[in-house]
Protein chains: 2
Amino acid sequence: MNKSKIYDNILDIAETLIQTQGYNAFSFRDIARTIGIKTSSIHYYFPTKAELGKAVVARHIDTLHAELVQVLENEAISYKKKINLFLNSVFSKTYASNRKMCLGGMLASDVLTLPETIQFEVRVFFNRIEKWLEQLLSQGKTKGYFHFTGTAKREAEFILALLEGSLLLARLFQNEDKLKIARKKIESHLF
Amino acid sequence: MNKSKIYDNILDIAETLIQTQGYNAFSFRDIARTIGIKTSSIHYYFPTKAELGKAVVARHIDTLHAELVQVLENEAISYKKKINLFLNSVFSKTYASNRKMCLGGMLASDVLTLPETIQFEVRVFFNRIEKWLEQLLSQGKTKGYFHFTGTAKREAEFILALLEGSLLLARLFQNEDKLKIARKKIESHLF
DNA sequence: GTCTATATATAGATAGAC
DNA sequence: GTCTATCTATATATAGAC
């Protein structure tokens with residue numbers, strides 16, 4: 001059911017804060033100030049920071065995954081286009097807006113300081129994406145659209161790692177060219 | 001001159017804490033407790049956290065850079081070996097010990113919350129490494145040892161991004177295989 | 001150079017009035 | 001459901017005794 005507008009609002013702001021500043025740098029205060037409520041009101045919706053964090057990642061996974069599954073299943077979309085849609089989701093969409101890092105990548109760097117429940121979700125995040133990508137690569141290779149060497153799993157791992165690193169450095173230098181370079185490298189690997 | 005044993009000790013511990021937990025998750029208290037002194041004693045050596053952080057990165061850059069320059073200039077080392085030594089410095093050495101992330105990579109993810117002086121140092125860190133790598137790749141290509149397409153600069157950017165992403169994910173999943181995959185990818189690009 | 005004591009700000013969290 | 005008030009812990013930082 002509808003979990004109220006404020007509930008979603010809190011999640012939205014928390015998500016943005018994690019993507020820009022990281023888990024340890026954001027506070028209930030930041031969120032409260034932005035919405036115009038008190039921190040105790042946030043505790044009404046999310047008893048602890050750990051639960052808020054977990055909810056942010058869980059929602060993010062669901063949204064992204066639903067999006068990706070639709071792309072994979074749509075036979076009207078070419079394989080080249082599918083890869084491009086994927087890169088857009090994880091890439092330009094996050095970075096282009098306000099120097100956001102990938103949510104999973106940000107939390108991966110905070111991993112040793114995260115509550116275990118959130119650590120778990122972060123791994124789910126990457127497992128899901130990797131699995132999806134592996135499937136796409138595998139299918140595309142069988143059908144003759146992709147031409148990489150090695151397993152689809154390895155290729156998926158490679159692409160994900162390159163993606164995360166490129167986002168990190170593009171953001172640091174505020175240089176979108178670094179994203180383009182990664183994109184081209186990935187494409188030159190597959191086509 | 002010798003800046004005293006405690007001075008270095010503080011830097012060592014701060015460096016490790018940043019590489020494992022990030023800039024915002026470490027405190028003077030953590031360091032004080034580890035060494036067995038009071039936080040006010042740390043302020044004697046480093047008036048502010050920003051100055052401590054800056055000193056950590058500056059020292060790290062100097063050490064790593066000196067190491068890399070020696071490798072580049074030593075004509076007794078093959079180009080293949082030079083690349084391997086580089087990957088060892090930035091890679092296995094950091095990760096293998098206690099799930100450390102690359103210092104620069106960790107601070108890159110914290111970048112929007114860092115004091116400007118540290119932001120600046122982080123960019124110096126990557127500029128230095130990239131420049132060094134670009135030189136190595138360029139020389140090696142001219143001499144016929146490397147066979148990549150495109151500019152040495154682009155190739156250096158690619159390698160660095162892949163490196164950072166691989167470290168991040170290898171650490172998250174405590175899976176060193178992810179480092180090996182990146183290594184092989186890089187080698188297959190160059191040889 | 002290291003300590004105690006303290007200042008000030010902020011964190012996450014809870015109780016209970018409205 | 002949102003507030004005020006409060007708790008406890010922790011953060012960075014400074015003053016000044018020893």
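Each chain gets a letter, A, B and so on, in the order its sequence line appears, and its residues count up from 1. Note that the structure is a prediction, hence the values are computed from the model and not measured.
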Practice problem: Write down the distance between CG (Leu17(A)) and C1' (dA11(C)), rounded to a whole number of angstrom. | Solution: 15 Å
Quiz item: With respect to the side chain of Ile6(B), which nucleotide from dG12(C), dT12(D), dT2(C) is positioned closest?
Solution: dT2(C)
Quiz item: Considering only side-chain heavy atoms of Ile37(B), which listed nucleotide, dG12(C), dT2(D), dC3(C), is closest?
Solution: dC3(C)
Quiz item: Within less than 4.0 Å of OP1 or OP2 of dG1(C), is there a side-chain N or O belonging to Tyr7(B)?
Solution: no
Practice problem: State whether a side-chain donor-acceptor pair under 3.5 Å links Gln139(B) with Tyr79(B). | Solution: yes
Quiz item: Can you check the Arg33(B) CZ to dA9(D) C1' distance for me, whole Å?
Solution: 12 Å
Self-check item: Atom pair distance, as rounded to whole Å: NE2 in His43(B) and C1' in dC3(C)
Solution: 14 Å
Quiz item: Hey, are Lys5(A) and Asp8(A) close enough for a salt bridge, meaning a charged N less than 4.0 Å from a carboxylate O?
Solution: no
Quiz item: If you look at every strand shown and take non-hydrogen atoms under 4.0 Å, does Phe46(B) touch a base, only sugar-phosphate, or nothing?
Solution: nothing
Quiz item: Of the nucleotides dA13(C), dA13(D), dC3(C), which one has an atom closest to the side chain of Lys49(A)?
Solution: dA13(C)
Quiz item: What is the distance from OH of Tyr44(B) to P of dA15(D), rounded to the nearest Å?
Solution: 16 Å
Quiz item: For Lys38(B) and dC18(D), what is the distance between atoms NZ and P respectively, to the nearest whole Å?
Solution: 18 Å
Practice problem: Take the protein atom CD1 of Ile42(A) and the nucleotide atom C1' of dC3(D), then report the distance between them rounded to whole Å. | Solution: 13 Å
Practice problem: Please report, rounded to the nearest Å, how far the P atom of dT12(D) is from the CD atom of Glu51(B). | Solution: 14 Å
Quiz item: Between Glu157(B) and Lys131(B), is the closest basic N to carboxylate O distance under 4.0 Å?
Solution: no
Quiz item: Does Ser27(B) have a side-chain nitrogen or oxygen under 4.0 Å from the phosphate oxygens OP1 or OP2 of dA11(D)?
Solution: yes
Practice problem: Ignoring hydrogens and angles, state whether a donor on the side chain of Thr113(A) or Asp110(A) is under 3.5 Å from an acceptor on the partner side chain. | Solution: no
Self-check item: Phe26(A) CZ - dA11(D) C1' separation (whole Å)
Solution: 18 Å
Quiz item: Closer than 4.0 Å, any side-chain N/O of Ser41(A) to the OP1 or OP2 of dC3(D)?
Solution: yes
Quiz item: Just checking Ser40(B): base, sugar-phosphate only, or nothing, at a heavy-atom cut-off of under 4.0 Å?
Solution: base
Quiz item: Are any of Arg29(A)'s side-chain N or O atoms less than 4.0 Å away from OP1 or OP2 of dG12(C)?
Solution: no
Quiz item: Are the charged groups of Asp12(B) and Arg59(B) less than 4.0 angstrom apart, N to O?
Solution: yes
